[in-house]
Student: 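Dumping the structure here so I can ask a few things about it.
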Amino acid sequence: DFASIRSPETYLGTRRAANFASPGGLRAGPNSYILPGAFKLNNWALLGSWDVEPQRSVSQRKGAKIAFQFRARDLHLVLGSASGKPVRFRVLLDGKAPGADHGMDIDATGNGQVTGQRLYQLIRQKDPSRERLFTIEFLDAGAEAYAFTFG
């Protein structure tokens, strides 16, 4: 639904990052991040311990999160595993399980698993006409996050 997409492809490494909203900004190397008090459309942020590289951000501990305020029907995220082992995660939409708005790579409760480096469809909404806050929490360390895309 291209008419309702208001969110651009967004990169999670230092080389091409834009609209980063965590206080203190995006910094290369291992750092700790907190979420901002509020999000504007297309803002994204990290929470927890992350190692930020030019092309990606890698979670250093379980419980690390990424949040993104978006407007589109579909939300995709390119993910991988730094160790090659599966990385479990949980997705929330506006602080709740996505239910019927879940994508192909998660269940209705928001649970999924990184099994290889690829594009993961995490959200497929019925109503793409409003802004939503997407949050992904990694239940294991070592998640590689590269880029958001929208459809």
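Note that the structure is a prediction, hence the values are computed from the model and not measured.
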Student: Check step by step if side-chain contact (heavy atoms from CB on, under 4.5 Å) holds for Trp50 and Asn31.
Tutor: CA-CA 6 Å; Trp50 289 86; Asn31 288 285; over 6 Å; no
Student: Are Leu139 and Leu79 in one and the same hydrophobic cluster, where Ile, Leu, Val, Met, Phe, Trp and Tyr link if side-chain heavy atoms are under 4.5 Å apart?
Tutor: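 Per the 4.5 Å side-chain linkage, Leu139 and Leu79 are not co-clustered.
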Student: Mark yes or no for whether Gln60, through its side chain, and Val58, through its backbone, hold a donor-acceptor pair below 3.5 Å.
Tutor: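 Indeed, once roles are kept as given, a pair shorter than 3.5 Å links the two residues.
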Student: Using side-chain heavy atoms (C-beta onward) and a distance below 4.5 Å, is Tyr120 in contact with Val78?
Tutor: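 Tyr120 vs Val78: side chains apart.
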Student: Given Leu77 and Leu12, is the side-chain contact (heavy atoms from CB on, under 4.5 Å) satisfied, shown in steps?
Tutor: CA-CA 10 Å; Leu77 184 54; Leu12 306 183; 3.9 Å; yes
Student: Could you tell me the separation between the CG atom of Asp107 and the CZ atom of Arg90, rounded to the nearest 0.5 Å?
Tutor: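 Asp107 atom CG to Arg90 atom CZ measures 10.5 Å (nearest 0.5 Å).
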Student: With a 4.5 Å cut-off on side-chain heavy atoms, are Asp51 and Ser57 touching?
Tutor: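 They are not in side-chain contact.
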Student: The test is side-chain hydrogen bond (donor to acceptor under 3.5 Å, both in side chains); show your working for Arg132 and Gln69 and say whether it passes.
Tutor: CA-CA 6 Å; Arg132 309 292 298 270; Gln69 183 82 19; over 6 Å; no
Student: Please enumerate all residues that pass side chain to side chain donor-acceptor pair (under 3.5 Å) together with Ser7, with sequence neighbours excluded.
Tutor: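 With neighbours one apart ignored, the set is Asn42.
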Student: How far does CD1 of Ile106 sit from CG of Asn111, to the nearest 0.5 angstrom?
Tutor: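 The distance works out to 8.5 Å.
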Student: Treating Ser129 as the side-chain partner and Asp127 as the backbone partner, does any N or O pair qualify as donor plus acceptor under 3.5 Å?
Tutor: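 Side chain of Ser129 to backbone of Asp127, a donor-acceptor pair under 3.5 Å: no, none is there.
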Student: Which residues satisfy the ring-ring contact (aromatic ring centres under 6.0 Å, His included) test with Phe89, sequence neighbours excluded?
Tutor: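 Counting only residues at least two positions away or on another chain, Phe89 forms no ring-ring contact (aromatic ring centres under 6.0 Å, His included).
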Student: Can you tell me if NZ on Lys40 sees more than 12 non-hydrogen neighbours from other groups inside 6.0 Å?
Tutor: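 Atom NZ in Lys40 is not packed in, count stays at 12 or less.
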Student: Shared ILVMFWY cluster between Tyr11 and Phe70, side chains joined below 4.5 angstrom?
Tutor: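 Different hydrophobic clusters.
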Student: Step by step, work out the side-chain contact (heavy atoms from CB on, under 4.5 Å) result for His102 and Val91.
Tutor: CA-CA 9 Å; His102 72 90; Val91 167; over 6 Å; no
Student: Taking 4.0 angstrom as the limit, do Glu131 and Arg71 come out as a salt bridge?
Tutor: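 Salt bridge flag = no for Arg71 with Glu131.
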Student: When you compare the side chain of Leu93 with that of Leu133, does any pair of heavy atoms fall below 4.5 Å?
Tutor: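 Heavy-atom side-chain distance check fails, nothing below 4.5 Å.
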Student: Nearest heavy-atom pair of Ser49 and Ala64: which atoms, and what distance?
Tutor: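 Here Ser49 and Ala64 meet closest at O-CB, 4.2 Å.
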Student: Short question: side chain of Ser22, backbone of Ile34 - any donor-acceptor pair under 3.5 Å?
Tutor: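 Checked: pair present.
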Student: Do Leu119 and Thr149 have side chains that approach each other closer than 4.5 Å (heavy atoms only, starting at C-beta)?
Tutor: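 A side-chain contact under 4.5 Å exists here.
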Student: Nearest 0.5 Å, what's the CG-CG distance between Leu35 and Asn43?
Tutor: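 Here the interatomic distance stands at 11.5 Å.
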Student: Identify the heavy atoms of Pro36 and Ala45 that sit nearest to each other, and give their distance.
Tutor: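 Closest pair (atom of Pro36, atom of Ala45, distance): CD-CB, 3.6 Å.
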Student: Show me the pairs that pass salt bridge (Lys or Arg N to Asp or Glu O under 4.0 Å) and involve residues 114-125, at least two apart or across chains.
Tutor: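 Output for this query lists Asp74-Arg124, Asp105-Arg118.
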Student: Nearest heavy-atom pair of Ile123 and Pro98: which atoms, and what distance?
Tutor: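 Closest approach of Ile123 to Pro98, heavy atoms only: CD1-CB, 4.1 Å.
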Student: Quick one: pull up CG in Leu46 and CG in Leu26 and give me the separation to the nearest 0.5 Å.
Tutor: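 CG of Leu26 is found 6.5 Å from CG of Leu46.
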Student: Measure from the ring center of Tyr33 to the ring center of Phe20 and say whether it is less than 6.0 Å.
Tutor: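 That pair passes the under 6.0 Å test.
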Student: Could you grab the distance from atom CG of Asp140 to atom NZ of Lys62, nearest 0.5 Å is fine?
Tutor: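 Spacing of CG (Asp140) from NZ (Lys62) equals 8.0 Å.
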Student: Answer with yes or no after comparing the ring centroid distance for Phe68 and Phe150 against a 6.0 Å cut-off, counting only values under it.
Tutor: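 For Phe68 and Phe150, the ring centres are under 6.0 Å apart.
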Student: Does Val52 belong to the same Ile/Leu/Val/Met/Phe/Trp/Tyr cluster as Tyr146, with side-chain heavy atoms less than 4.5 Å apart forming each link?
Tutor: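 No, no single cluster joins them.
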Student: Are Ile5 and Trp44 connected in the hydrophobic side-chain network, where two residues link if heavy atoms are under 4.5 Å apart?
Tutor: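 Both belong to a single hydrophobic cluster.
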Student: How close do Ala143 and Val87 get, heavy atom to heavy atom, and via which atoms?
Tutor: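 Heavy-atom minimum between the residues: CB-CG1, 4.0 Å.
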Student: Please check if the side chain of Lys126 supplies one atom and the backbone of Ala100 the other of a donor-acceptor pair under 3.5 Å.
Tutor: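 Yes: the side chain of Lys126 pairs with the backbone of Ala100.
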Student: If only atom types and distance count, is the side chain of Ser59 paired as donor or acceptor with the main-chain N or O of Gly142 below 3.5 Å?
Tutor: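 Checking the backbone N and O of Gly142 against the side chain of Ser59, a donor-acceptor pair under 3.5 Å is found.
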Student: Looking at Glu144 and Gln117, would you say the former's side chain and the latter's main chain have a donor-acceptor pair under 3.5 Å?
Tutor: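 Not confirmed, Glu144 side chain does not pair with Gln117 backbone.
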Student: Measure the spacing between CZ of Arg73 and CD of Gln125 and express it to the nearest 0.5 Å.
Tutor: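 Reported value, rounded in 0.5 Å steps: 10.0 Å.
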Student: Measure the shortest side-chain to side-chain distance between Thr115 and Gln113 over non-hydrogen atoms and say whether it is less than 4.5 angstrom.
Tutor: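 When only atoms from C-beta onward are counted, Gln113 and Thr115 do touch, with a gap below 4.5 Å.
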Student: Could you tell me whether a side-chain N or O of Arg27 sits under 3.5 Å from a main-chain N or O of Gly25, the two making a donor and an acceptor?
Tutor: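 At least one qualifying donor-acceptor pair exists.
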Student: Can you name the closest pair of heavy atoms from Ala97 and Ala108 and give their distance?
Tutor: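 Looking at all heavy atoms of both residues, the shortest contact is CB-O, 3.6 Å.
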